[in-house]
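One structure below.
Since we're looking at a predicted model, the values are computed, not measured. All values below come from the heavy atoms of this structure, side chains included, with hydrogens, waters and symmetry mates left out.
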Amino acid sequence: MALQDNLTDVGAAAGLSGGDSLLEIIGNIISIFLGLVGVIFLVLVIYAGFLWMTSQGDEEKIKTAQQILRNATIGLVITLAAYGIVAFILGLILSATGLGDGSDDDDGVAIESFSDALGSGAIEDHYPPRNGTEIPRNTKVIVTFKDEMYIPSFVDGYDTDGTSTDLSDDTIPTTANLNTDNVKIYCEDEEGEQTELNSDEVTVAFTEDLQSFVFDPPVMGSAEYEATCGVELGSDILNAEGAEVFTGRSSDGYRWTFTLSTEIDSTPPKVKGIVPTDGSEYARNITVQITFNEAMDPTAVTGTYDEDEGGFTHIQVRADEDEDGTYSPVSGTFEISSGYTIVEFTSTDVCETNSCNETIYCLPGPDTSAGEPSEEIQVEIASATLSDAPPEAEIPADGAVDVAGNSLDGDGDGTADGPQAGADDTDYDDYEIDFKVTDEIVLTPPTIVSVSPSVLGQDVALDQDIVILWDTFMKASTMTNSYVKIYADPDHEMYYVNAVSSVDETGDEPSSSESATQSELEIRHGTFLDSVDDDLITEEDESSSQLYAPVLPDDIKSLYQNCFYPAEGPGETTGSICSGDIASPYCCNGETSTAGFDETTFTCEP
């Protein structure tokens, strides 16, 4: 970015400034020059032809004409060869520095520059999404990292007093404005001119785990045209340990663009579905999974509650452990994932271990000694107090809000009514369900029903997303790109981000939340590169194919917190099953293996 800016400054000083970048201007000059070379060549050929045709057998004139033709042809060949060599070398340089157009000339396949940090790098997710369209003008911008982050990297004037993760001694500015040295937010006008937002135009909030940062700009774009906006995250951003998060191929930072609509989002968010469903009965090691119909503000729907110290209360999971009709909040943590649409609650009550020897946490169970068959659990999602311009909530929100700051529409009537004002108030939007848990603990690992593309699939469309259907409901927060990876061989820059949805047993959208039976994982990614030929890679010709390997590790868990171990899923041939066991717990290309995938060798060899 700095090199591009310096080149542009030089161009401006030379009187070349304008709507095009300096690289485009240079390209235009080269095009004009090549056009002139072509014209000169044509003139010389015509002139030589004229001399030859009018020579009337004069050997001297014929020799002169032949010499002109020879020299003109040699000059043209040298010019075109020089252009080809320079274009090739310059293309390599621009691709390496990120100053090119981010495209590969092979069949128009595009590799998006400054994108690698999403997936294989430091970034887990962000909103608006890459290349997103129809984004409302009053959206917030959200970035979620895989590690705890250094707050001053994002908040101007913030002082951690040397303790990055201990907020108790921090010096907090009166207004948490954006650190524009590290984060730039801009929009383009109809002519393509960019205008960056100033520090004091954007306020910053962050989640208690210091991983998600929410930037709240003024209303962006225009009511007259669809504006392109972008975000640039600089290379000096640090994690809580003081280390740079953008390293290796991502060392220049991360950038993305999106397109705004001409509209303001004035539609409140709703709950799309919840597991467990209302009135249902589950084993007590179930994770509560709430799916919203749109992206939510993570600062308003995530956090930790402790029954002794209190904490986050915008969403509560409660139990009547004393059987006196009084429900008390259960200690645990609320996490967000899947494009900021799924929030999951896991309690802190240790009750079992799974097949990976990891801890399983349970909700309060029934008192079996007293003959209780089940324990009743409540889930309540608080709507936020409305501002003077509903459905927008007051800031800071005291309940669930979406990325535009609109309060939850808990009853789904299309109107945000805010929280209950009193016992007699029946027109409010807090969302509540009840379900029961038994004393049972489910310890069955999840299995994969189907994958697309298929195992060892060929002729895969370059933009085809990867889809994995599971046999049960899965914990979305364990299937982010912090865990699920895509590896490429040969390796190249490519982003990927994961989304989870609830489906029926056929993998289709359920007719209702109650008819959903399992989860589907979709891995959305940058464009694949095409192979040289259609054959899979062989030992004899390792350069023939571009291979991709989605890797689903045993960190993945079902909603019952059982890990994906031993692995089980589709086999190498149609209809076959790969079923791992204790001796060979992994499945690699549809066959059992004693070792997991090794990205350095691109095999599962031990």
Side-chain angles (χ1 to χ4, degrees), residues 114-127 129-130 140-156 158-170 172 176 178-179 181-183 204-215 231-256 297-299 301-304 312 333-340 342-344 346 358 475-487 493-499 523 551 553-557 599:
F114 300 99
S115 67
D116 204 49
L118 178 60
S120 60
I123 298 176
E124 183 173 282
D125 206 349
H126 59 70
Y127 188 90
R130 288 189 71 86
K140 299 172 185 176
V141 175
I142 308 168
V143 183
T144 298
F145 294 87
K146 297 177 181 178
D147 296 321
E148 294 178 320
M149 301 301 292
Y150 181 58
I151 299 172
S153 287
F154 308 96
V155 181
D156 190 33
Y158 196 102
D159 185 2
T160 64
D161 197 29
T163 55
S164 297
T165 58
D166 179 7
L167 308 188
S168 62
D169 58 356
D170 291 0
I172 305 173
L178 182 66
N179 181 347
D181 290 338
N182 290 329
V183 182
V204 183
F206 47 86
T207 52
E208 68 175 44
D209 62 7
L210 304 184
Q211 290 181 236
S212 292
F213 287 78
V214 179
F215 312 119
V231 182
E232 298 182 2
L233 304 180
S235 58
D236 292 331
I237 291 176
L238 307 177
N239 63 21
E241 296 180 354
E244 294 180 351
V245 297
F246 296 124
T247 59
R249 198 161 53 198
S250 305
S251 58
D252 289 328
Y254 180 81
R255 306 177 192 177
W256 84 95
D297 184 337
T299 64
V301 293
T302 66
T304 300
F312 177 75
T333 300
F334 295 87
E335 300 174 281
I336 196 167
S337 59
S338 193
Y340 306 98
I342 292 181
V343 174
E344 293 169 331
T346 306
E358 297 169 332
K475 193 172 181 180
S477 56
T478 68
M479 293 198 295
T480 67
N481 55 31
S482 293
Y483 305 101
V484 178
K485 306 288 186 183
I486 302 178
Y487 296 101
E493 181 171 1
M494 183 181 71
Y495 74 87
Y496 56 92
V497 64
N498 306 340
I523 308 176
V551 177
D554 55 23
D555 303 277
I556 293 175
K557 295 181 177 67
E599 65 270 22

Would you compute the distance between atom [atom1] of [X] and atom [atom2] of [Y] and round it to the nearest 0.5 angstrom?
{"X": "Glu493", "Y": "Leu118", "atom1": "CD", "atom2": "CG", "answer": "11.0 Å"}
{"X": "Asp555", "Y": "Thr480", "atom1": "CG", "atom2": "OG1", "answer": "9.5 Å"}
{"X": "Phe206", "Y": "Ile151", "atom1": "CZ", "atom2": "CD1", "answer": "3.5 Å"}
{"X": "Phe246", "Y": "Leu233", "atom1": "CZ", "atom2": "CG", "answer": "5.0 Å"}
{"X": "Leu210", "Y": "Phe154", "atom1": "CG", "atom2": "CZ", "answer": "10.0 Å"}
{"X": "Lys475", "Y": "Ile342", "atom1": "NZ", "atom2": "CD1", "answer": "12.5 Å"}

Member of Thr304, Thr299, Thr302 meeting the side-chain contact (heavy atoms from CB on, under 4.5 Å) criterion with Glu208
Thr304

Would you say [X] and [Y] make side-chain contact, with heavy atoms under 4.5 Å?
{"X": "Asp169", "Y": "Thr163", "value": "yes"}
{"X": "Pro129", "Y": "Val497", "value": "no"}
{"X": "Tyr483", "Y": "Asn498", "value": "no"}

Would you please indicate yes or no on a ring centroid separation below 6.0 angstrom for Phe312 and Phe334?
yes

Under 3.5 Å, is there a donor-acceptor pair between the side chain of [X] and the main chain of [Y]?
{"X": "Asp159", "Y": "Asp161", "answer": "yes"}
{"X": "Asn179", "Y": "Pro152", "answer": "yes"}
{"X": "Lys485", "Y": "Ser120", "answer": "no"}
{"X": "Asp166", "Y": "Ser168", "answer": "yes"}
{"X": "Arg130", "Y": "Tyr496", "answer": "no"}
{"X": "Asn481", "Y": "Val484", "answer": "no"}
{"X": "Ser482", "Y": "Lys146", "answer": "no"}

Shortest non-hydrogen contact from [X] to [Y]?
{"X": "Pro298", "Y": "Ser212", "result": "CG-CB, 4.1 Å"}
{"X": "Ala117", "Y": "Ser250", "result": "N-OG, 3.4 Å"}
{"X": "Leu238", "Y": "Gly242", "result": "CD2-O, 3.9 Å"}
{"X": "Asn239", "Y": "Tyr150", "result": "O-CB, 3.3 Å"}
{"X": "Met479", "Y": "Ile556", "result": "CG-CG2, 3.7 Å"}
{"X": "Tyr495", "Y": "Ser115", "result": "CB-O, 3.3 Å"}

Show, in sequence, the C-alpha distance, side-chain angles and deciding distance for Val301 and Tyr340, and conclude whether the side-chain contact (heavy atoms from CB on, under 4.5 Å) test is met.
CA-CA 10 Å; Val301 293; Tyr340 306 98; over 6 Å; no

Relative to the ring of Phe145, is the ring of Phe213 parallel (under 30°), tilted (30 to 60°) or perpendicular (over 60°)?
perpendicular

Whether His126 and Trp256 hold their rings parallel, tilted or perpendicular, with breakpoints at 30° and 60°:
parallel

Do the side-chain N and O atoms of Ser477 and Glu344 include a donor-acceptor pair separated by under 3.5 angstrom?
yes

Residue pairs passing the salt bridge (charged side-chain N to carboxylate O under 4.0 Å, His left out) test with at least one member in residues 237-249, sequence neighbours excluded, are Asp116-Arg249, Arg249-Asp491

Tell me which pairs pass salt bridge (charged side-chain N to carboxylate O under 4.0 Å, His left out) where either residue lies in residues 117-126, with sequence neighbours left out.
none

Is Lys557 paired with Glu358 through a side-chain N to carboxylate O contact shorter than 4.0 Å?
yes

Test Ile486 against Ile523 for side-chain contact (heavy atoms from CB on, under 4.5 Å), laying out the working first.
CA-CA 9 Å; Ile486 302 178; Ile523 308 176; 3.5 Å; yes

